[in-house]
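This report refers to the structure that appears directly beneath it.
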Amino acid sequence: MTTGGVRLLTTTVILALTGGWGAPTAPAAVQASSVSFTSVVPAPVVTAPASGVTHQITATTTIYTEPGSPAAAQIAGQLAALLRRSTGYTLPVVDAPSTTPTDGIALLLSGAPPAAGSEGYQLDVSAPSIAVRANQPAGLFAGVQTLRQLLPPAAESATAQPGPWEIAAGHILDYPRFSHRGAMLDVARHFLPVPVVERYIDEIALYKVNRLHLHLSDDQGWRIAVNSWPNLAVYGGSTQVGGGTGGYYTQDEYRQIVAYAAARYVMIIPEIDMPGHTNAALASYADLNCDGVAPKLYTGTRVGFSSLCVSKELTYTFLDQVLGEIAGLTPGAYLHIGGDEASSTTATDYSTFMNRAQQIVAAHGKTVVGWHDVVHAPALPSTVAQYWGTTTADAAVATAAQNGTKIIMSPANRAYLDMKYNSRTKLGQRWAGFIDVQDAYGWDPGAYLSGVGETSVLGVEAPLWTETIQSLADVEYMAFPRLPAIAELGWSPASTHDWTSFNQRLGAQGPRWRVMAINYYHSTQVSWPTGA
Ligand code: TNX
């Protein structure tokens, strides 16, 4: 689209609506002109715009892909599918020639600097061509997510739009600060069906989040079929908070989620929470209870009342079989065993239990992740602790970190997506405080917890607990715009951390979320462009 024949180089048109203009008119349409080269979230390591130059995707654009790389071809196919829908162009995907293409969009596994590492990329946009270069397919995928954000928001449309499809020219070199950039969905309190999980994977991947932790069991529901203990899903999964019908993933559905995530360079980390948060399991099998009596299913929201029976050998047979099946379904390196809020388990029992549970996970070839309470039990050297506290000092976590335990940072008063934005937010909880975007963004994961320095931090994760969350619209409302804030803390160098810059770049995502029909919260802290 053009305005008076002049293409504007920015998305934002600021109209001075002064008294002299008389009655306010309808706001100017969002310009389809090219997005600023500096509007990417998370902020890249190096961004060098080439001022005044643009590249245009046209009906004759070709997408070139690294010859002989099925992974590169798959990423090219994803980009082509997205852009064919919105542009209506053919956009053929073909093997790149042996010399670097001088037109079109090239996705290449050569020519990236070593600094790009295994997840980074280099992006060069010039008038004649676009090139994304990476050392590994994960980097190409990341580069394509950046490219998407540089295109006009209409590029995300599911139906053909008029264009033009301009991209501001420039150079980006980019790679992550932390290896773990996570989101968590609690599918236990309210069950979320496969399409919701897949859509959330699409949304987090756009912000270079590379881990989705699925909280698959809790007091209110067991959400994955286990062949050796079938009642867990069939009975334990038959309800949820508030008493709905609940649900669970068959093993095929879980495999489908894992594959969908893998195609977007997201690793699934399954969590079976224990020894507390286990009422659904205890209700499904009377023998798992110390007194041999199964409790009723639970549909409330209290925590800390259930515990597996630490003194029964059957408990460990159960763990071995359940964790064994889940390990077998999960290609990723990690199994999360929860370990939080075990207030119905004595400290000694907790240590005994968590110690054995970690050995069982290790025997199945996986690395343990536990909520940070796990540091109160003897931990395997490889066990990762996920910090969910609300303070900036925790002596036990600091000691563990000093002894080599790696930490995932999910401070509840910063990173919990189920906390309300403010007192008027209808969804969510408030026990860790209100979290508006600036609170979610305003901390440094590498220097937040005293005694836990950058090298002890594996990364960040934004958990979304679902006591009050029931649908995709609810998930999106709580995650956007805070999830991109946490994603930036996980990816971007600390030196890029700046609220003013982030606010501008985050605001530029609004028109994109409109087109994608993401139900985001219009935080008044963000300077959304006109129309967003
Ligand atoms: C605490 S944080 C929990 C969850 C709740 C959440 C609600 C943690 C490890 N446990 O069981 O769902 O608060 O915000």
Side-chain angles (χ1 to χ4, degrees), residues 182-192 211 213-223 240-242 246 269-282 298-308 334-345 350 353-354 357 368-377 383-391 394 396-397 400 407-422 425-435 439-440 449 460-470 474-475 477-479 482-483 486:
M184 187 207 86
L185 274 183
D186 167 11
V187 295
R189 269 51 177 272
H190 279 100
F191 180 63
L192 297 167
R211 306 279 186 254
H213 163 186
L214 289 177
H215 184 77
L216 290 168
S217 70
D218 213 302
D219 291 317
Q220 299 87 346
W222 186 285
R223 305 302 178 200
Q240 58 186 0
V241 167
I269 300 180
E271 178 187 353
I272 300 297
D273 202 349
M274 58 184 81
H277 292 277
T278 44
N279 188 77
L282 296 167
Y298 181 69
T299 60
T301 59
R302 276 187 304 120
V303 296
F305 61 88
S306 56
S307 179
L308 289 172
Y334 300 103
L335 280 196
H336 200 307
I337 56 170
D340 58 314
E341 299 173 321
S343 14
S344 302
T345 319
Y350 183 81
F353 178 89
M354 291 305 276
V368 173
V369 187
W371 295 105
H372 75 258
D373 320 49
V374 71
V375 304
H376 297 288
T383 292
V384 174
Q386 182 169 8
Y387 181 70
W388 62 277
T390 55
T391 60
D394 183 309
V397 173
I407 312 293
I408 295 168
M409 293 297 294
S410 300
N413 54 334
R414 300 287 189 168
Y416 268 31
L417 300 179
D418 65 315
M419 290 301 125
K420 291 174 183 289
Y421 291 97
N422 56 50
T425 312
K426 292 203 177 69
L427 299 170
Q429 308 212 49
R430 57 172 77 203
W431 68 263
F434 300 126
I435 306 179
D439 309 303
L449 206 46
V460 294
E461 191 172 298
L464 181 46
W465 301 99
T466 57
E467 285 92 339
T468 67
I469 305 302
Q470 306 194 44
D474 292 354
V475 168
Y477 188 79
M478 301 308 270
R482 294 180 292 194
L483 184 276
I486 303 297

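Note that the structure is predicted; figures quoted are calculated from it, not measured. Note that ligands are numbered from 1 as they come in the structure, with each ligand's atoms numbered from 1 the same way.
- The closest donor-acceptor contact from the side chain of Y334 to the backbone of E271 lies at 3.5 Å or more, if one exists at all.
- Close contacts of ligand 1 with E341, meaning ligand atoms under 4.0 Å from a residue heavy atom, involve 1 (C), 3 (C), 4 (C), 10 (N), 11 (O).
- The aromatic rings of W388 and H372 sit tilted, their planes meeting at an angle between 30° and 60°.
- By the side-chain hydrogen bond (donor to acceptor under 3.5 Å, both in side chains) test, H190 is found to be paired with no residue, residues two or more places apart in sequence or in another chain being considered.
- Using a 4.0 Å cut-off to heavy atoms of Q429, the atoms of ligand 1 that qualify are 7 (C), 14 (O).
- Any N or O atom pair closer than 3.5 Å counts here, and D186 shares no such pair with ligand 1.
- The CZ atom of F305 lies 8.5 Å from the OG1 atom of T278; values are rounded to the nearest 0.5 Å.
- At under 3.5 Å, a nitrogen or oxygen of E467, whether backbone or side chain, sits near a nitrogen or oxygen of ligand 1.
- Interface atoms of ligand 1 facing M419, defined by a heavy-atom separation under 4.0 Å, are 14 (O).
- Atom CG of residue L192 and atom CG of residue L464 lie 8.0 Å apart, to the nearest 0.5 angstrom.
- For ligand 1, the polar-atom distance check against W431 finds a nitrogen or oxygen pair separated by under 3.5 Å.
- The atoms of ligand 1 that sit less than 4.0 Å from any heavy atom of D418 are 7 (C), 14 (O).
- Every residue was checked against the ring pair (Phe, Tyr, Trp, His ring centres under 6.0 Å) condition with F434, not counting sequence neighbours, and none meets it.
- Closest heavy-atom approach to atom 2 (S) of ligand 1 within the set W465, Y387, Y416: this belongs to Y416.
- For ligand 1, the polar-atom distance check against R189 finds a nitrogen or oxygen pair separated by under 3.5 Å.
- Residue H277 approaches ligand 1 through these ligand atoms, each under 4.0 Å from one of its heavy atoms: 11 (O).
- For ligand 1, none of its N or O atoms has an N or O atom of D218 under 3.5 Å away.
- Under the 30°/60° scheme for interplanar angles, the aromatic rings of W371 and H336 are found to be tilted.
- One finds the CD atom of Q470 at 8.5 Å from the CG atom of L427 (value rounded to the nearest 0.5 Å).
- When only non-hydrogen protein atoms are considered, atom 9 (C) of ligand 1 lies nearest to D340 OD2, 3.0 Å.
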